[in-house]
Amino acid sequence: MLDVKFIRNNPEAVKNTLAARVVEIDLDEFLRIDKLWREKLAKVEQLRSTRNAVSEKISRQKKDSPETKELILEMRKIGVQIKELEEEIRQLEEKIQAILLVIPNIPHETVPIGERAEDNVVLRYWGKPRNFDFKPKSHWDLGEALNILDFERGSKVAGARFVFYKGVGAQLERALINFMLNLHVKEHGYVEIFPPFIVNSESMLGTGQLPKFAQEAFKIEDTNYFLIPTAEVPVTNIHRDEILSGESLPICYVAYSACFRSEAGAAGRETRGLIRQHQFNKVELVKFCRPEESNIELEKLTQDAERVLQLLALPYRVVSLCTGDLGFSAAKTYDLEVWLPGYGEYKEISSCSNFTDFQARRANIRFRSGKGKPQFIHTLNGSGLAIGRTVAAILENYQESDGSVRLPEVLVPYLNGVRKIKEEK
RNA sequence: GGAGAGAUGGCCGAGUCGGUUGAAGGCGGUCGCCUGCUAAGCGAUUACAUGGGCGAAUACCUGUGUCGCGGGUUCGAAUCCCGCUCUCUCCGCCA
């Protein structure tokens, strides 16, 4: 959420932002309500001020003097007025808040201007897509043939877009989780967190999933609970309503979690395979840092995520999302896209974002250095990486002509020595 | 699930016949003194949010709100009443 004062003082900048992000919000209406709210507030505060002064006077006077009685009668009237004004103010605040919560973050100045995904800018490539002397198969064909992925039974037991991993497939999933957690903890200095997979609506509001994207989340009926769409939600909200000490920053967490997304309305494309499931695993990186450090921390975070792909020897590219493609809460985002031979294209496998103070303001996460005033911290996060898509990438990139799949060297210690997946009966 | 206790400032912790309590005291922080250095000691200072005065300002002045959350009683509520949430203890159940 943006600073109301910033909106008041820079309405044009905010309007430009909304236009660049292709979002329609009547900012003039907002400014009008805000002005009205401040006027009413001034009025009610004045009334309260007199009431406070008179009440104190009453306390010093004789209780049953005629003068006191008159004052009490007067204050009774003021009390009614105050109550009426308070109700009006409450309604105005509700409107203000409702608008404020759906205004997206302001893109960083280095974010490319554009409306759609085609306008994103590729920053760099790593690794070379392998030349196959046969037609590479899709990961779902490989997975089913190898008997390590079972989409059919996933549908029977849960529904469309659920899958069973089996045998070495299940081991591979688990191995990747451990490999990534170890890497980020031991070599990149993150603190490991194992979060709740269910959060309340306050947490969803804090990171920006609510109120705008309620449809994309799984809500548990008749409760205030949501299945987490990413570990970002519980982990960022760890410090909700806290004032952190400046010395503790930056705070870097890495968390494994299952992620649950209903993705309503996204049906049609990419419904096959592991790319778009209702439940998937992810290792997530989350950072809390000082405002002046968030730009450099985003670069570091992205590198930490890239390192995973490098160690797995998976070709990828880094893309800077344009203003129109940027997520709601993000000021800047780098997507890591891994090469998938079965698709013949690069597919998002990690999204690394700097949210500046947008989430911090919503979730009220601040820090204080020395004797200074508390100020909002900056939050960042990125996948390090999405596990299911990594499995897909490994299957497709490491496949052999006979339908078997080699496994990346770095995973061998995590796989009980298994180096290759062959068809299992 | 049943019974009981509790929720106060960055932290700990006082505060019931409702009225200089925004809140004692302590810790921590900051500044100063002392000191060869450190420790100890002494003194001072130290909530957050927000409206307005003005603004470049997190500077200054002033108002308002905030003692878990929401409502009620009252001229006036941290203090009284009601509802909710959370925490702790005991019992039950369970991985």
Side-chain angles (χ1 to χ4, degrees), chain A residues 1-13 30-97 100 194 196-206 220 222-226 234 237-249 251 288 290-292 356-357 360-378:
Chain A
M1 149 166 99
L2 300 181
D3 186 355
V4 182
K5 277 189 208 155
F6 178 84
I7 301 177
R8 268 179 216 150
N9 297 334
N10 309 280
E12 290 313 310
F30 174 83
L31 293 168
R32 197 185 62 76
I33 296 171
D34 177 60
K35 185 156 177 273
L36 189 61
W37 170 73
R38 279 186 289 168
E39 287 167 5
K40 298 271 184 192
L41 192 64
K43 212 175 277 178
V44 81
E45 285 186 354
Q46 203 180 353
L47 288 177
R48 280 200 280 238
S49 181
T50 32
R51 185 178 67 182
N52 288 347
V54 174
S55 290
E56 199 195 325
K57 193 175 170 195
I58 291 172
S59 74
R60 283 186 272 106
Q61 281 179 345
K62 267 187 260 166
K63 290 254 158 56
D64 42 6
S65 77
E67 199 190 339
T68 304
K69 279 179 180 162
E70 182 161 333
L71 283 176
I72 288 177
L73 280 176
E74 243 175 80
M75 288 308 103
R76 212 173 271 176
K77 281 186 218 151
I78 284 196
V80 174
Q81 286 181 51
I82 288 176
K83 210 156 255 184
E84 285 170 3
L85 272 171
E86 278 175 343
E87 175 59 20
E88 288 179 49
I89 288 168
R90 196 188 57 75
Q91 288 181 10
L92 289 172
E93 278 172 349
E94 240 170 53
K95 284 185 193 167
I96 290 170
Q97 202 62 11
L100 225 42
F194 196 103
F197 292 1
I198 289 177
V199 295
N200 54 32
S201 59
E202 287 79 9
S203 295
M204 292 287 276
L205 198 76
I220 299 177
D222 300 325
T223 70
N224 191 27
Y225 289 147
F226 291 82
N237 278 283
I238 286 177
H239 296 300
R240 173 150 51 86
D241 293 320
E242 290 185 17
I243 297 176
L244 305 165
S245 84
E247 292 71 46
S248 68
L249 302 177
I251 295 173
F288 303 80
R290 295 165 180 275
E292 63 272 20
T356 59
D357 60 4
R361 186 169 281 110
R362 285 177 164 243
N364 192 28
I365 309 171
R366 295 171 294 173
F367 78 98
R368 187 203 307 272
S369 45
K371 60 182 175 180
K373 286 239 170 207
Q375 41 177 322
F376 290 113
I377 57 143
H378 280 195

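In what follows, chains are A, B, ... by sequence order, proteins preceding strands, each numbered from 1. Only heavy atoms go into these numbers, but all of them, side chains included; no hydrogens, no water, no symmetry mates.
- Rounded to whole Å, atom C1' of B:rC75 lies 10 Å from atom CD1 of A:I82.
- Taking atom C1' in both B:rA7 and B:rU66, the straight-line distance is 15 Å, to the nearest Å.
- B:rU89 is paired with B:rA3 under the criterion used here, namely a Watson-Crick or G-U wobble arrangement in which both key atom distances are under 3.5 Å.
- Comparing B:rG36 with B:rA57, their P atoms are spaced 48 Å from each other, to the whole Å.
- For B:rG19, the base has no donor-acceptor partner in the side chain of A:E56 [N/O atoms by modelled type, under 3.5 angstrom].
- For the C1' atom pair drawn from B:rU8 and B:rU21, the interatomic distance equals 11 Å after rounding to whole Å.
- Searching all strands for a Watson-Crick or G-U wobble partner of B:rA24 with both distances below 3.5 Å returns nothing.
- B:rG10 and B:rC67 have their C1' atoms separated by 16 Å, given to the nearest Å.
- Side-chain rings of A:F288 and A:H239 approach one another, their centers coming within less than 6.0 Å.
- If you check B:rU66 for Watson-Crick or wobble pairing at under 3.5 angstrom, you find it paired to B:rA47.
- With C1' as the reference atom, B:rA56 and B:rA14 are 44 Å apart, rounded to whole Å.
- Salt bridge status for A:E87 with A:K83: absent, with no side-chain N to carboxylate O gap under 4.0 Å.
- Residue contacts shown for A:L41 are limited to sugar-phosphate atoms, with no base heavy atom under 4.0 Å away.
- Side chains of A:Q97 and A:E93: no donor on one and acceptor on the other come within 3.5 Å.
- One interatomic measurement links the two molecules: NE2 of A:H239 to P of B:rG10, which rounds to 17 Å at whole-angstrom precision.
- Nucleotides of RNA chain B nearest to A:L71 and A:D3 differ in position, and the one nearer the 5' end is that of A:D3.
- When Watson-Crick and G-U wobble pairs are counted only if both distances are under 3.5 Å, B:rG32 pairs with B:rC42.
- In a base pair of the Watson-Crick type (N1 to N3 plus N6-O4 or O6-N4) or a G-U wobble (N1-O2 and O6-N3), with each distance short of 3.5 Å, B:rC80 is matched with B:rG72.
- Residue A:S49 places none of its side-chain N or O atoms closer than 4.0 Å to OP1 or OP2 of B:rG63.
- If you take atom C1' in B:rC86 and the same atom in B:rG25, they sit 28 Å apart, rounded to whole Å.
- Rounded to a whole Å, the CG atom of A:L92 is 16 Å from the C1' atom of B:rU50.
- Look at B:rA95: it lacks any Watson-Crick or wobble partner with both distances under 3.5 angstrom.
- A:R366 has no side-chain polar atom (N or O) that falls below the 4.0 Å cut-off from OP1 or OP2 of B:rU58.
- Between the CD atom of A:Q46 and the P atom of B:rU62 there is a distance of 17 Å, rounded to whole Å.
- Backbone-only contact: A:K5 has heavy atoms under 4.0 Å from sugar-phosphate atoms and none from a base.
- OP1 or OP2 of B:rU73 sits under 4.0 Å from a side-chain N or O of A:K83.
- Residue A:Y225 qualifies as open at atom OH: its count of foreign heavy atoms under 6.0 Å is 12 or below.
- Between B:rU30 and B:rA39, the two P atoms lie 12 Å apart (nearest whole Å).
- Residue A:R8 has its side chain nearest to B:rG51 when only B:rG51, B:rC75, B:rC48 are considered.
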Salt bridge (Lys or Arg N to Asp or Glu O under 4.0 Å) between A:E39 and A:K35, intermediate numbers included | CA-CA 6 Å; A:E39 287 167 5; A:K35 185 156 177 273; 3.6 Å; yes
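- The nearest whole Å value for the distance from the CD atom in A:E45 to the P atom in B:rU64 is 8 Å.
- As a whole-Å value, the separation of A:N52 CG from B:rA77 P is 8 Å.
- Side-chain atoms of A:N200 and A:S203 form a donor-acceptor pair, as typed in the model, at a separation below 3.5 Å.
- Between the CD1 atom of A:I72 and the C1' atom of B:rG18 there is a distance of 14 Å, rounded to whole Å.
- Listed candidates were B:rG63, B:rG76, B:rG51. Nearest to the side chain of A:S55 is B:rG76.
- A salt bridge between A:R48 and A:E86 is present, with a side-chain N of the basic residue lying under 4.0 Å from a carboxylate O of the acidic one.
- Residue A:D241 contributes atom CG, which lies 13 Å from atom C1' of B:rA49 at whole-angstrom precision.
- Contact annotation: A:R51 reaches the phosphate of B:rG76 (side-chain N/O to OP1 or OP2, under 4.0 Å).
- Here B:rG51 is the nucleotide among B:rG51, B:rG19, B:rG72 with the atom lying nearest to any side-chain atom of A:R38.
- Using atom P as the reference point in both B:rA23 and B:rG83, the two lie 33 Å apart (nearest Å).
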